[in-house]
Number of protein chains: 2
Amino acid sequence: MLSERKQKVLEAVVREYISTAEPVGSRTLFRRHNLGVSSATIRNEMADLEEMGYLEQPHTSAGRIPSDLGYRFYVDNLMQTDPLPKGEQELLRQVPASGITETDILLSQVSRLLSQVSNYISLVLGPRADRGVLRTLKLVPIEEHVAMAVLFTDRGKVESRVLVLPPQVEPEDLEGLARYFTRRLAGRPLEEITGELLGVLYAELLEDYRAKRARLGELAQALVNWLASGGRPVRIYTGGTQNILRQPEFQDLEKVRRLLALLEEEELLYKLLEREPGVTVTIGQENELPAVRECTVVTSTYCMDGEPVGVLAILGPTRMDYAHVISLLEYMADCLSEAFSNISARHAMVIQKTKTAAKKPV
Amino acid sequence: MLSERKQKVLEAVVREYISTAEPVGSRTLFRRHNLGVSSATIRNEMADLEEMGYLEQPHTSAGRIPSDLGYRFYVDNLMQTDPLPKGEQELLRQVPASGITETDILLSQVSRLLSQVSNYISLVLGPRADRGVLRTLKLVPIEEHVAMAVLFTDRGKVESRVLVLPPQVEPEDLEGLARYFTRRLAGRPLEEITGELLGVLYAELLEDYRAKRARLGELAQALVNWLASGGRPVRIYTGGTQNILRQPEFQDLEKVRRLLALLEEEELLYKLLEREPGVTVTIGQENELPAVRECTVVTSTYCMDGEPVGVLAILGPTRMDYAHVISLLEYMADCLSEAFSNISARHAMVIQKTKTAAKKPV
DNA sequence: TCTTAGCACTCTCGGCGTGAGAGTGCTAAC
DNA sequence: GTTAGCACTCTCACGCCGAGAGTGCTAAGA
């Protein structure tokens, strides 16, 4: 473990470097942070810290900068997070509070706010819809050749999609098909309803129907495809890409290019944002993706009905204002969770009333 | 009008500059393009062209580069577009042909391909849904307190959305409401159905219903909101942002920053992509947006059922491979138009998917 | 034994001058 | 009207130099 004084020095180096982006020397440390000892002593401590791997020297006779390990120690042991400034709190709160019900718009605003306030890149992973357990699949005829497929879960979530019917499909067929899928799939978590399972079902179904009406197969196929896609793909919102160009560590265009390329690779981003609930911080080399090995990714999950469904993230240089970013993400995640719960609560209220009313039909 | 020789010189300068990105001098022109005259003559012609505004000199004793006007003349009069190389054709065709029915995925692939093949930034404006004439609005009861609003146009296009019903709403109410909206709106182009018109309708409706059932107003309000949003907002897909970093004219980080900032401003992008049908080219200062005053934007529209509904665009430096980009966009637009027509013609495909998550308590 | 002052040493960075290279404009001859 | 020749200009890469910042080491002090 580090001696108290070493910790103080390390913290001072990290703080100084985060705010100035310049390698920090013993003299400046001596002047600006009153550590109670001379620059020479600080110098010795810094030499020790370097040997222990917490600091690095870009070149001899330059100051030191924190290593990934140094940042890690700082984040885990030294950093103290203050609550977000009131001004920023209000800025953030305004969005979820403004009653925007379109998730799409809401999340892109959130992304924009995050990048504005943090001055780094923001990433927002939309709420995944595949939680919950399938309750019913319905096929509702709408017009002559049009039906709508609707999917209910135990949480009342609904995905739906319009289907154009092949000729000669009759209402009974639709009903049969829906009953069949419901019977076979009800009670299963949505995430279990994968292509594999559906393949089996589809084969079975064809078996049944081949004799009767071949055209129905086409419809079933469309349904299977839809189900297999797990509802709507989860979108990722990015914002503030231009911010990294302001960071001195990204004057190297090649680095910027790699990062921009990453931001267009949805698959990689999904991987990057696959995080456990709460706040996580991965620093530099701790990241798996090569493109962000010189960056830090801070994430925070937000919830719907108490269950984590999406991720907010900030991507910036390892020289990042950790304390601020973490408070920011925590706060925003709370706002979002609350916003989603509000929506959900309002509906709940409405439905609650409906139920009582329904008991004694008017 | 320019003499034939001047035109040849101008063309040679543009071609040379496009491929090398270096100011071109009379001597290199003399060596690489055989214009049949000496470098001295070329020099004189270039001096003339500069005076006429077609060429510019970064500084005395450097070669010349084309001005915006020079590029304009080149595009309008000198450039000859070859058909797209077979290899690229195949690459582009594979996507719309691969039977992807999700517009979302299709268009993001298109965007990716465009930027890959062109090496510039690609922009894709999704198909606007507000063409066509409203035919019917239906409210289909689905479960006890859930209904689905479905909107049909003369082209068979459909938007739909799940609505959670207030209590005490009965099937007749739904029918009545739908009939009312249909009666008042049928035959109108979707783009005319704006908030203003709907406000009138809503007021009228409240008048009618107040006496009977206040709660119905809430439902009507939801409907009006939905209609006023003109269906789903049209998304813009971007790709290849990292490509501009490869362009020598974008070594200046400030320029890059402005461009990246622009790409996150959806409103501005809508404006940028508001184009007339067919191929358009705006060069440098011809652009209204300051952020792209040093860029060229080439656009091409794609169609559904013969009517332009969306835009493909390439954004790059004014020193752009115009001929290639134009062929590329034309070809891709054709592919897309065809893909969309196929979908609509076969009528076997899913047209639209609803994005909704209505909720209920467990 | 720990801390501190002093000092020589190292390394980067910006400014400056220089020369090569590329290109021009002008003039005079064809 | 075209071309060769030539003097001139401007940029850019290179190398040099000195200032500045910071280090490591040593020796003296607490």
Side-chain angles (χ1 to χ4, degrees), chain A residues 2-10 12-17 19-67 70 248-249 251-252 319, chain B residues 2-10 12-17 19-67 70 248-249 251-252 319:
Chain A
L2 292 178
S3 74
E4 184 140 351
R5 196 169 65 192
K6 280 199 173 54
Q7 296 196 15
K8 272 196 168 168
V9 172
L10 178 55
V13 171
V14 172
R15 289 247 297 269
E16 191 67 22
Y17 185 60
S19 68
T20 65
E22 310 248 304
V24 337
S26 53
R27 236 178 88 79
T28 48
L29 226 51
F30 174 67
R31 263 180 295 147
R32 291 191 220 172
H33 303 244
N34 57 344
L35 295 166
V37 290
S38 76
S39 72
T41 309
I42 298 177
R43 204 141 60 226
N44 288 331
E45 295 289 34
M46 285 170 84
D48 288 353
L49 284 168
E50 182 176 356
E51 197 164 358
M52 298 165 81
Y54 294 106
L55 296 180
E56 304 181 332
Q57 236 175 341
H59 53 83
T60 13
S61 92
R64 258 87 171 196
I65 63 178
S67 67
E249 37 269 276
Q251 298 310 88
D252 177 9
R319 184 187 64 76
Chain B
L2 292 178
S3 74
E4 182 139 354
R5 196 168 65 190
K6 281 201 173 50
Q7 296 197 13
K8 272 195 169 171
V9 172
L10 179 55
V13 171
V14 173
R15 289 247 296 269
E16 191 67 22
Y17 185 61
S19 69
T20 66
E22 310 248 305
V24 338
S26 54
R27 234 177 90 77
T28 48
L29 226 51
F30 174 67
R31 264 180 294 148
R32 292 191 220 173
H33 303 245
N34 55 344
L35 296 166
V37 290
S38 76
S39 72
T41 308
I42 296 176
R43 204 142 58 227
N44 289 330
E45 295 289 34
M46 285 168 83
D48 289 353
L49 284 169
E50 181 176 356
E51 197 164 355
M52 299 166 81
Y54 294 105
L55 295 180
E56 303 180 331
Q57 238 175 340
H59 52 84
T60 13
S61 91
R64 258 87 172 194
I65 62 177
S67 68
E249 35 270 276
Q251 298 310 89
D252 177 9
R319 184 188 64 77

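Proteins come first, then strands; the chains are lettered A, B, ... in the order of their sequence lines, and each starts at number 1. Only a predicted model underlies this, so the values are computations on that prediction, with no experimental measurement involved. Computed from heavy atoms alone, side chains included, the values below leave out hydrogens, waters and symmetry copies.
The side chain to side chain donor-acceptor pair (under 3.5 Å) analysis of residues 42-51 of chain B, with sequence neighbours excluded, yields the pairs B:R5-B:E45, B:K6-B:E45, B:K6-B:D48, B:S26-B:R43, B:E50-B:R64. Applying the ring pair (Phe, Tyr, Trp, His ring centres under 6.0 Å) test to every pair with at least one member in residues 22-49 of chain B, sequence neighbours left out, gives no pairs at all.
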ask   = Just by protein heavy atoms under 4.0 Å, how would nucleotides 11-30 of chain C read 5' to 3' in B, S and -?
value = BS----------BBBB----
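Rounding to the nearest 0.5 Å places NZ of B:K8 at 8.5 Å from CG of B:N34.
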Could you go through nucleotides 27-30 of chain D and list every protein N or O atom that sits under 3.5 Å from one of its N or O atoms, giving the distance for each pair?
none

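The nearest whole Å value for the distance from the CD atom in A:E22 to the P atom in D:dG20 is 16 Å. Between the P atom of D:dT2 and the CD1 atom of B:I42 lies a distance of 12 Å, rounded to the nearest Å.
Checked against salt bridge (charged side-chain N to carboxylate O under 4.0 Å, His left out), A:E249 has the following partners two or more places apart in sequence or in another chain: A:R319. For B:R27, there are no salt bridge (charged side-chain N to carboxylate O under 4.0 Å, His left out) partners at least two apart in sequence or on another chain. Listed by chain and residue number, nothing satisfies the salt bridge (charged side-chain N to carboxylate O under 4.0 Å, His left out) test with B:E56 (two or more places apart in sequence, or in another chain). Partners of A:S38 according to the side-chain contact (heavy atoms from CB on, under 4.5 Å) rule, which considers only residues two or more places apart in sequence or in another chain, are A:A40, A:T41. Annotation: side-chain contact (heavy atoms from CB on, under 4.5 Å) contacts of A:T60 (sequence neighbours excluded): none.
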